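Everything on this sheet refers to the single structure shown next.
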Amino acid sequence: MKIASYNIRKAVGLDWRRDPERVAEVLLEIDADVVVLQEADRRTGTRAGVLPIERLESELGYLLPDFSIRALSHGWHGNAILLRSRYDSHAARRIDLPSIDPRGAVSVQIADPCVEIIGVHLGLTPGTRRKQVDVLRQVLQGQTHPVILAGDFNEWNLKRLDFGSDAQIVSPGLSFHAARPRAALDLFVLGPGLRVVSSHVHKSTLAVRASDHLPIVITVDFTKAEP
C-alpha cells in the first residue's frame, strides 16, 4: 500500500495563489492509494474546504470519507483523508486531541486490507504536542490491527516523540520549508504488523511551488504481528 501525507496550506502556494488544481496535479504525480491531508479547509469563517472534489473523484479515483461537522468543510480541523474508490468499505471517525487551538486527528479503518490510517496535525508548542502524543500512543497500543499515523507533527526534535517501543517512526526526509527544506516535520508512525518497503519526499517542480510543505510518501507491506 502506498500512502502520502501532505500539508497543502489551504491550497495556497509559495506564489500566494490559492490553486486547488495545482494540489490535484501534485497528487496525480504521486499516485498514492491513500492520501492524508492537513489544512484542507480554510481556517476562518465557514471553514470551507479547498479541495477540487469533483476532479479528485472523477480523474484521480479518490473518495473523501466524511469527518466534517461543518457543511462546507472537507475535513475536521483541516485534516482529511482521500482513499482510492476500491477502499469504499471503511469506517471513519474523529479523535479528540488536547489543545488550546483547534486540533484533532481523523481515522479511517479499511476492511481489506485490514489497516487503520490516522491523519494528524500536532500543535505548535512542546507541551501540547507531548499531551497529543500521549493520546495517540494509547490509540496505537489499544488496537490489534495494523495502524499508521501520518501527518505534520510540527516537531523539530524527533526524540521528543514517544509512541512506545512497538512503534516505528519513519522520516522520509526534509519536507519543510518547501523552498529550502530544513526540517522533517512530516512523518509516518507504524505500529506492529507493518514493514517499510520504501519512503521518500516528493520533490517535483510543481510540489515545490504548491505549498510550504513537500509531500511525503511511504510504501508499506503487511507482516504477521508479533503475539
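Positions are given from 1, in the same order as the sequence printed here. Please read these numbers as outputs of a predicted model, since none were measured by experiment.
- Val26 approaches Ala210 most closely through the heavy-atom pair CG2-CB, 4.0 Å.
- Among all heavy-atom pairs drawn from Met1 and Pro113, the shortest one is CE-CG, 3.8 Å.
- Closest non-hydrogen pair, Leu174 versus Ala184, comes out as CD2-N, 3.9 Å.
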With side chain to side chain contact (heavy atoms under 4.5 Å, CB included) as the test, would you mind laying out the steps for Asn7 and Leu185 before giving the verdict? CA-CA 10 Å; Asn7 184 330; Leu185 303 184; over 6 Å; no
*Let me see the working for Ser5 and Gln38 under side-chain hydrogen bond (donor to acceptor under 3.5 Å, both in side chains), right down to the final yes or no.*
CA-CA 8 Å; Ser5 179; Gln38 301 86 53; 3.3 Å; yes
TODO: Please test Leu37 against His74 for side chain to side chain contact (heavy atoms under 4.5 Å, CB included), starting from the C-alpha separation and ending with a verdict.
DONE: CA-CA 10 Å; Leu37 297 172; His74 288 156; over 6 Å; no
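- Of the charged side-chain nitrogens involved, at least one lies within less than 4.0 Å of a carboxylate oxygen, so that Arg103 and Asp101 count as a salt-bridged pair.
- Sorted by first then second residue, the side-chain hydrogen bond (donor to acceptor under 3.5 Å, both in side chains) pairs that include residues 171-191, not counting sequence neighbours, are Ser175-Asp186, Asp186-His213.
- Put simply, the residue from Leu122, Val120, Asn154 that forms a side-chain contact (heavy atoms from CB on, under 4.5 Å) with Gln132 is Leu122.
- Heavy-atom minimum distance, Leu64 versus Ile81: CD1-O, 3.6 Å.
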Run Thr223 and Asp221 through side-chain hydrogen bond (donor to acceptor under 3.5 Å, both in side chains) and show every step you take.
CA-CA 7 Å; Thr223 65; Asp221 198 0; over 6 Å; no
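- In this structure, the side chain of Arg18 does not engage the main chain of Ala11 through any donor-acceptor pair within 3.5 Å.
- Counting non-hydrogen atoms of other residues, nucleotides and ligands closer than 6.0 Å to NZ of Lys2 gives a total above 12.
- Using a cut-off of 4.0 Å between Lys/Arg side-chain N and Asp/Glu carboxylate O, Arg130 and Glu155 are scored as not salt-bridged.
- Salt bridge Arg137/Asp134: present, at least one basic N to carboxylate O contact under 4.0 Å.
- Residues Val36 and Phe188 share a hydrophobic cluster, clusters being chains of Ile/Leu/Val/Met/Phe/Trp/Tyr side chains in contact below 4.5 Å.
- Remark: Arg84 qualifies as a cation-pi partner of Tyr62 under the 6.0 Å distance and 45° angle criteria applied to the six-membered ring.
- Across Asn79, Ile118, Ile117, Ile95, a single residue satisfies side-chain contact (heavy atoms from CB on, under 4.5 Å) together with Val106, and that is Asn79.
- Salt bridge status for Arg209 with Glu25: absent, with no side-chain N to carboxylate O gap under 4.0 Å.
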